[in-house]
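Let me begin by handing over the structure; questions about it come next.
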2 protein chains.
Amino acid sequence: MPSAGEDMDTWIEQDRTDRKSDADRARTVPDTGTLGKAVAVLDVVARAERPMRFRDLREAIGQPPGTLHRQVSNLISEGLLQVNPDHSYGLGLRLLQFAARAWSGNRFREIAEPHLAALHEKTGETVHLGVLSDLEVIYLDKVESRQAVRMHSQIGNASPCYCTGVGKAALSALPPEDAWARIARVDFRRHTEHTLTDAAVLGEELADIRAAGIAFDREEHETGIHCVAAPIRSHDRSFVGGISVTAPSYRIAMAQLERWADDVRAAAAAINADIEIRLGPRA
Amino acid sequence: MPSAGEDMDTWIEQDRTDRKSDADRARTVPDTGTLGKAVAVLDVVARAERPMRFRDLREAIGQPPGTLHRQVSNLISEGLLQVNPDHSYGLGLRLLQFAARAWSGNRFREIAEPHLAALHEKTGETVHLGVLSDLEVIYLDKVESRQAVRMHSQIGNASPCYCTGVGKAALSALPPEDAWARIARVDFRRHTEHTLTDAAVLGEELADIRAAGIAFDREEHETGIHCVAAPIRSHDRSFVGGISVTAPSYRIAMAQLERWADDVRAAAAAINADIEIRLGPRA
DNA sequence: TAAGTTGTTCCATATAGTGGAACGTCGTTT
DNA sequence: AAACGACGTTCCACTATATGGAACAACTTA
């Protein structure tokens, strides 16, 4: 919408420019057509902090009411979306059903499971398994002593790749050009005072991580929490991820994390070997 | 495909009949167009026992190769599907991400949580929370003593509505016509020797359940496992579900389940009251 | 190497999605 | 209580998008 001060022509010109850059993007980013628009709706609902009503979706998506209404209706019919009693939208239960299968059927997770347990046994701290999904890390599994905290809260959760141990480890396992390409698209947000917020700096750290085979998160994502991580990958690097040992910094010093580095590296190496054997090119 | 003995005309006639009944169904079942076809692919992958390659999908879906290929490509681009190293398909990690939000954002689950814990405290046995999704029960939560069995395996899983305690409880909370309509669409499969496999019998039992406010699963789904369940519902019955206490029959007798019935009923009543307060029409 | 199977790309056609506008419906205001 | 306005829903001509046959590429098996 043009602000009061601008004249109409300027705004229209602006609009043309936007359309052009959209078209440019369409050439590089694969167009997923109708499906893409549908999952965009799901994404808005998933990422929303406050309850979203129809009007809110309309603003967030920018589709005309008739169109959006049909998209939403279809999503509801398919069980991917549901309407709460207060007319706000929530994600549908069908997604839970799909996710249960996605999780139990995931070979990566299945292979890593015993190694995560062993690593937890050795360190006594929380162990994570995550894989890189575009610019985010999605946590596939978690082993911790105190089961009091419900594990659901973590599995499936996504965190940024540039400020988590698993994320940086995963990036380091990518071909460097690919890693740079992704870093270039990162929207750096400062989560703590230690968060890296510069693509160049992150790129250099990746080189170090690649050389050492170990990544550290020095309270870059959450104050008071640090971790040591190592990369895991499929043979052709179509999947990259990482495992990590996470601990509160008040209880576990960085020096201890560094002492665990070898164990983490060894566990990751064992997982990679298993992956090679069970998912490898000649499997 | 026509079997060797049939002649071609008979088979074609058969085919025409099928098409007609498909068209009839299309009038009653809402058409979700392109989206529906996409999730049909996800569903096939999700329900598949063995790994599915492109050819297998083609057989299961019945789409021409070009079309199916694009649908699959789009799903992959959106992260809803992924290709395993062996060229078989698996559900994508984006689904895990969505499910994590669907779960943590579910008001129903949130409200029921403390009541489930209390019921577990009282009985010492496994407590489930499930909601009805068309003809299946999807388990939203689970409280059990031995955390040895990973809880992921259960959350999000779907079970038939006609042979589970939660399922029958949920059906009993529906308006009777709605319950009958769903029962009519059930594809009864005998899971154990006690499984109800007749719509009329199930309908009658629902009347009893409605009167008693309690449903039993007498080893109808799995031999050696029985449970006592009670219905929960949203104020307008747009959601119906149930809670249950489940136990192995070798250790807990039916008589004990019957003794727990009051506790289960009370817990369900408490949840329903909370729902009324926090999600009710005047909330 | 050849033959066969499995998967991918292309393009004219038909179908399904689009969005403006007109219509209900509910909650708020005078 | 009536009127207004905001929010959501339905409808339909138009057009963008999905479709699927066919030709092509890649990978397996004989």
Side-chain angles (χ1 to χ4, degrees), chain A residues 1 15 19 22-23 25-27 29-42 44-45 50-78 80-90 235-236 238 280-283, chain B residues 19 22-23 26-27 29-42 44-45 48 50-78 80-90 235-236 238 280-283:
Chain A
M1 201 188 286
D15 186 49
R19 279 163 191 273
D22 276 358
R25 221 173 304 156
R27 243 166 267 143
V29 173
D31 180 19
T32 52
T34 307
L35 179 67
K37 291 165 195 163
V39 314
V41 172
L42 290 182
V44 166
V45 173
R50 45 178 192 139
M52 300 286 271
R53 296 202 323 290
F54 189 87
R55 185 68 200 287
D56 304 312
L57 284 185
R58 195 164 141 39
E59 274 175 25
I61 309 269
Q63 297 269 26
T67 300
L68 180 60
H69 184 264
R70 184 181 33 73
Q71 289 168 342
V72 164
S73 300
N74 286 342
L75 285 168
I76 291 172
S77 296
E78 289 296 337
L80 304 181
L81 205 63
Q82 44 185 226
V83 280
N84 296 324
D86 64 347
H87 293 282
S88 67
Y89 292 101
H235 68 103
D236 61 352
S238 55
R282 314 236 157 268
Chain B
R19 279 162 192 273
D22 276 357
R27 243 167 265 147
V29 173
D31 180 20
T32 53
T34 307
L35 179 67
K37 292 166 196 165
V39 314
V41 173
L42 289 182
V44 166
V45 173
R50 39 165 202 156
M52 299 286 270
R53 295 203 323 289
F54 189 88
R55 183 70 200 287
D56 304 313
L57 285 184
R58 194 163 143 40
E59 273 176 24
I61 310 271
Q63 297 270 24
T67 301
L68 180 60
H69 183 264
R70 185 180 31 73
Q71 289 169 341
V72 164
S73 300
N74 286 341
L75 286 168
I76 291 172
S77 296
E78 290 297 337
L80 304 180
L81 205 61
Q82 44 184 228
V83 280
N84 296 324
D86 65 346
H87 294 281
S88 67
Y89 293 101
H235 68 101
D236 62 352
S238 55
R282 313 236 158 268

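Labels below follow one simple rule: chain letters A, B, ... track the order of the sequence lines, proteins then strands, and each chain is numbered from 1. Note: hydrogens, waters and symmetry copies are ignored here, and every other heavy atom, side chains too, is used. Not measured: the values here are computed from a predicted model.
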Contact pattern, 5' to 3', of nucleotides 18-30 of chain D - B, S or - by protein heavy atom under 4.0 Å: SBBB---------

B:Phe54 and B:His87, any side-chain heavy atoms less than 4.5 Å apart: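 B:His87 does not reach B:Phe54 side chain to side chain.
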
Rounded distance in Å - CG (B:Leu68) to P (C:dG7):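 That distance rounds to 10 Å.
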
Whole angstrom value for the distance that separates P of D:dA6 from CG of A:Asp56: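 Result: 16 Å.
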
Rounded distance in Å - CZ (A:Arg55) to P (C:dG27):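 Distance, rounded to whole Å: 17 Å.
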
From B:Gln71, B:Glu78, B:Lys37, residue fulfilling side chain to side chain contact (heavy atoms under 4.5 Å, CB included) relative to A:Leu35: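 Output: one option passes, namely B:Glu78.
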
Spacing between A:Asp86 atom CG and D:dG8 atom C1', to the nearest angstrom: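 That distance rounds to 15 Å.
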
Distance-minimising heavy-atom pair for A:Ala60 and A:Met52: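 Minimum heavy-atom separation between A:Ala60 and A:Met52: CB-CE, 4.1 Å.
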
Qualifying residue, where the test is side chain to side chain contact (heavy atoms under 4.5 Å, CB included) with B:Tyr89 and the options are B:Leu57, B:Val41, B:Asp56: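 In the set B:Leu57, B:Val41, B:Asp56, the residue that makes a side chain to side chain contact (heavy atoms under 4.5 Å, CB included) with B:Tyr89 is B:Leu57.
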
Nearest atoms (heavy-atom pairs only) where A:Thr32 meets B:Ser77: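 Where A:Thr32 meets B:Ser77 most closely, the heavy atoms are CG2-CB, 3.4 Å.
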
Which residues share a salt bridge (charged side-chain N to carboxylate O under 4.0 Å, His left out) with A:Arg53, sequence neighbours left out: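 A:Arg53 satisfies salt bridge (charged side-chain N to carboxylate O under 4.0 Å, His left out) with no residue once adjacent residues are dropped.
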
Phosphate contact (D:dC7 OP1 or OP2) by A:Arg53 side-chain N/O below 4.0 Å: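 Result: no.
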
Contact under 4.0 Å: A:His69 side-chain N or O vs D:dG8 OP1/OP2: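 Checking D:dG8 against A:His69, no side-chain N or O comes under 4.0 Å of OP1 or OP2.
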
Whole-Å gap separating C1' (C:dT5) and CG (B:Leu57):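 Answer to the nearest Å: 17 Å.
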
Rounded distance in Å - CZ (A:Phe54) to C1' (D:dT10):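 Atom CZ in A:Phe54 sits about 12 Å away from atom C1' in D:dT10.
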
